[in-house]
Each structure stands twice: as C-alpha cells, then as structure tokens.
Amino acid sequence: MRTSELTLGFVPLLDSAPLLMAQEMGFAAQEGLDLKFERAPSWSSLRDMVVFGRVDAAHMLAPVPVAMALGLGGAPAPLHAAMVTSVNGNVIGVSRALADRMRGNGAALDFHDATATGHAMMKSAGDRLRIGVPFPFSMHAELLYYWLGALGYSAPQGIDIRTVPPPLMADAVAAGEIDAFCVGEPWGSIAVNRGYGELILPTAAIWNFAPEKILAMRSDWLAQRPDLANRLIRAVWRACRWLSDPASHVTATEILSRKDVLNVPSEVIDRTLAGQLIVNQNGDERSFPNFIEFNKGAANFPWRSQAAWIAQRMAGRLGLDKSEAMSAARTVYRTDIYRSALAQTSAELPGASQKVEGGIEFRQPAASAKGTLMLERDRFFDGAVFDPSAL
C-alpha cells in the first residue's frame, strides 16, 4: 500500500488524543497513512481550515456540522461527521469568589447533583452570570442552555454566554471577564492549578453520554477520496479503542503532556483520563463515571438521533423550523460512511442509525451486527427523553 500524507487540524485539548495517537501509536501507518498536524488557536479558525482546504480533516465540535447544515456560522462549504471521537470530557467551573458564595448559600458542590448545583450557582451569581464557552455552536453551549433552561433560567434572563478560546479560559476568569466557564479538559483543571477557579460539575452530570468531538471532513473531500476517508476513520477508531483501555493511559499521558502537544502537567492529563479531578485549591478530588469516553458503548458511532437533538435545540433557541432542522442534521452525521469504513474490522456496529436519547438508566445490550454491543447509561439530569421518531 502506497503511503499517503494527510494533514489534520486540532485544538489543543485532551480529546484531540484520538487523532494524535493514530499517528503516534502506528495506527495510521497500518492504513498506509502519514498524518501531519496543524494546531488551531480557536474553533472558528479550525472550522475555516477545514472549509477552505488547509487541512484534510479535523477534530471538531460535534454541533459544528449541524450548525452549518442549518445555515449558521457563515462558512460556505458543508462539513460532515464521519465518526464521533469522544463522549463527555467537559467541566463547568466558577471563579473562586462565586464558589465561596455558593458554599455560603449551602451548596454541597458534590460534582454530581446538577439540579442543586445549578440553582446554587444562579442564586449566588447576582444580577447577571457571565459564562465562557469555547464556541457558540458547541456542546458546551447546548448543554448549558439545556441545563439552565430546564431549571427555569434562560438567556437573556440573567445569563450572558461569551466565547473564549479554551487555552484562554483561565485567564478570562483571572481578569474578571467571566464568572463561570464550561470547557474541555485540561483547561478547567488549569484554571484550578493557577488558583483562578473551582470546578463544580462535569457536563456528563447533565447528559451522561453526550457526543463531544467528531472527525470532520468536507463533503466534497469525502466524495472525492472515499478510500482515504475510510483508512483515516479506521486509524482513528483504533486509536479511540486504544485510549479506552486504562492500560494505555500512562503512555497517552506521556505523549499528550509534551511541550509540542498540550504542554500541561502530566498529572492533570492522567487524572482526567481516570475521571478523577482536583476541583479546588484545597486539593479536593472528585470522580465521575465515564467522565470522558473514547470508544466503549458505541461512543464512536455518529448517531443521527444525536445530530437531531442538537438541531432541535438550536432551532428552538433561534426560531427555526425544528422538523426541517432535524432532517438537515441527520444528513451530516454519516452512519453510512462509518459502517462502510469499519465493516471488515472488529468494531461493533449498531443495527439502527438512530435511537431514543436519554432512555438508558443502566448499561444494556443493543441490536448489533455481532450481537455483543452494550450501550452505556445516557440519562439527562432532569429525566427527559428525546425520541427523534416522535417529532
């Protein structure tokens, strides 16, 4: 097989690991690929790098292709999600001053109770809460809107959501520009390490199994280079499977902490991979099951129902037709391409391309090609269920 060189874009986050590990651990080489990487300072710049062909594919926020399918964001070329590369992995944090006020108002800050924590945050925030997110079209934003809306709070009723690039989130807290943030690791932990903030909740406490990042490709690139796309999907999928094994965490931590990768303390990465985070300056530790997941529970499958959930949330907030939005969203989560790429591998492929979201309380079996697929708990914190076929 002739070796082909591909250039991939990424934002320096822990969940960029599947792309980076595909190259570092030789999974790309197995597919005859040599991967080069372009670091982007923000999600808007990374989106544009893919759209205008500076990179072939990228680690991308799960809602970005959906937003583009709805005509949001102004980018001229459609993007597709060839696979999901990670589930969960985000944290919600607040300034130390706000955390102290929350405790003064009786908040336990146990890292699990989304309802009590949300009410305590809003009660303690004063007239207006300024929350930083990495991008307007992100799971960070969607889960914040969902969480606070379900609790009876909504913008512009005392909530101001602002865009801050992930590596700058801690500095924005220190400068007093934001009171709270929702960001992917390791940047929440960095805000704690620097003494600027405190972590109060993982977004997995809002939706237990929310798609976070996807492997994004332009639709025309996918059509013109199907063989390369399939090879890249397989390489990244193998990296996701490798990352999901706790035995891989020491090696992954050593690579990701390097100066030319994330350039953050190795202990921060190691704790995040294990789902055990230091949440404040006192060194208090909190753990959360499935804090970040790279493979198990069909985490890599681009469920069309997840795209539809994102679309109906955006449509409701922005005044678009929900049915049309969900229909458009389903076309950009490419279950067909994912199935084709992994058909001859050991990947467990679901029998359906969409499912009811939020309906799994305990780990349970699901119909699949090999009959061994187990889906993980995927509950919403308020007990809601999203059935895309009923809308």
Side-chain angles (χ1 to χ4, degrees), residues 6-31 33-40 43 46 55-62 81-91 134 138-140 166-167 183-190 202-204 209-216 232-277 288 290-297 299-302 347:
L6 294 179
T7 302
L8 307 184
F10 76 103
V11 168
L13 287 157
L14 179 66
D15 55 28
S16 65
L19 276 65
L20 301 170
M21 294 302 106
Q23 178 67 17
E24 289 279 349
M25 300 308 299
F27 302 119
Q30 291 176 22
E31 292 291 339
L33 299 176
D34 182 21
L35 305 181
K36 307 298 182 184
F37 296 95
E38 289 277 350
R39 182 190 300 255
W43 290 111
L46 181 59
V55 298
D56 298 299
H59 150 252
M60 183 66 67
L61 296 160
M83 65 180 290
V84 175
T85 56
S86 64
V87 166
N88 301 335
N90 298 323
V91 289
S138 62
M139 290 306 292
H140 313 82
V183 71
E185 281 292 278
W187 300 110
S189 291
I190 293 302
T203 54
F209 214 71
E212 176 52 32
K213 299 300 189 305
I214 52 106
L215 178 62
L232 179 59
I233 291 167
R234 286 193 293 269
V236 175
W237 174 77
R238 290 189 179 101
C240 288
R241 183 179 58 177
W242 180 81
L243 282 162
S244 192
D245 182 355
S248 303
H249 290 178
V250 171
T251 301
T253 295
E254 291 175 353
I255 294 170
L256 293 168
S257 63
R258 291 185 332 215
K259 289 185 178 180
D260 62 333
V261 186
L262 299 186
N263 192 26
V264 298
S266 60
E267 59 269 21
V268 171
I269 296 172
D270 185 57
R271 287 197 302 265
T272 301
L273 288 172
Q276 297 176 326
L277 281 70
F288 199 93
N290 291 335
F291 174 78
I292 187 167
E293 179 53 52
F294 292 105
N295 181 254
K296 72 179 180 182
N300 302 129
F301 192 74

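Hydrogens, waters and symmetry mates play no part in the numbers below; they use all other heavy atoms, side chains included.
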May I ask you to test the [X]-[Y] pair for a side-chain heavy-atom distance under 4.5 Å?
{"X": "Leu262", "Y": "Val268", "answer": "no"}
{"X": "Leu215", "Y": "Asn300", "answer": "no"}
{"X": "Val183", "Y": "Pro166", "answer": "yes"}
{"X": "Glu31", "Y": "Leu232", "answer": "no"}
{"X": "Leu273", "Y": "Phe294", "answer": "yes"}

Show every donor-acceptor pair shorter than 3.5 Å between a side-chain atom in residues 16-27 and any protein atom, with sequence neighbours excluded, or say none if there are none.
residue, atom, partner, partner atom, Å
Ser16, OG, Leu13, O, 2.6
Gln23, OE1, Leu35, N, 2.8
Gln23, NE2, Asp34, OD1, 3.1
Glu24, OE2, Arg258, NH2, 2.9

(message) My understanding is that only residues two or more places apart in sequence, or in another chain, count here; which of them pass side chain to side chain donor-acceptor pair (under 3.5 Å) with Ser189?
(response) Glu185
(message) Holding to side chain to side chain donor-acceptor pair (under 3.5 Å), I want the full list of residues that pass it with Thr253, two or more places apart in sequence or in another chain.
(response)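 Not a single residue meets the side chain to side chain donor-acceptor pair (under 3.5 Å) criterion with Thr253.
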At what distance, to the nearest 0.5 angstrom, does [atom1] of [X] lie from [atom2] of [Y]?
{"X": "Leu256", "Y": "Ile269", "atom1": "CG", "atom2": "CD1", "answer": "5.0 Å"}
{"X": "Asn295", "Y": "Ser86", "atom1": "CG", "atom2": "OG", "answer": "11.5 Å"}
{"X": "Cys240", "Y": "Lys296", "atom1": "SG", "atom2": "NZ", "answer": "14.0 Å"}
{"X": "Leu8", "Y": "Arg39", "atom1": "CG", "atom2": "CZ", "answer": "14.0 Å"}
{"X": "Ser257", "Y": "Leu14", "atom1": "OG", "atom2": "CG", "answer": "11.0 Å"}

Measure across [X] and [Y] and return the closest heavy-atom pair with its distance rounded to 0.1 Å.
{"X": "Leu46", "Y": "Ala58", "answer": "CD1-CB, 3.8 Å"}
{"X": "Pro211", "Y": "Ala62", "answer": "O-CB, 4.0 Å"}
{"X": "Asp15", "Y": "Lys213", "answer": "OD2-NZ, 2.7 Å"}
{"X": "Lys259", "Y": "Asn263", "answer": "CG-OD1, 3.4 Å"}
{"X": "Gly184", "Y": "His140", "answer": "N-NE2, 3.6 Å"}

(request) Please say which of Asn88, Thr203, Thr85, Asn90 ends up in a side-chain hydrogen bond (donor to acceptor under 3.5 Å, both in side chains) with Glu212. (result) Asn90
(request) Check the pair Val264, Trp187 against side-chain contact (heavy atoms from CB on, under 4.5 Å), reporting the backbone distance first and the verdict last. (result) CA-CA 9 Å; Val264 298; Trp187 300 110; 4.2 Å; yes
(message) Under the rule for ring-ring contact (aromatic ring centres under 6.0 Å, His included), what residues qualify as partners of His59, not counting sequence neighbours?
(response) Trp43
(request) Applying ring-ring contact (aromatic ring centres under 6.0 Å, His included), name anything that partners Phe209, two or more places apart in sequence or on another chain. (result)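 Result, ring-ring contact (aromatic ring centres under 6.0 Å, His included) vs Phe209: none returned.
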(request) Please check if the side chain of Ser248 supplies one atom and the backbone of Trp242 the other of a donor-acceptor pair under 3.5 Å. (result) yes
(request) Not counting sequence neighbours, list each pair that qualifies as a salt bridge (Lys or Arg N to Asp or Glu O under 4.0 Å) and has a residue in residues 263-272. (result)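 Residue pairs with at least one partner in residues 263-272: there are none.
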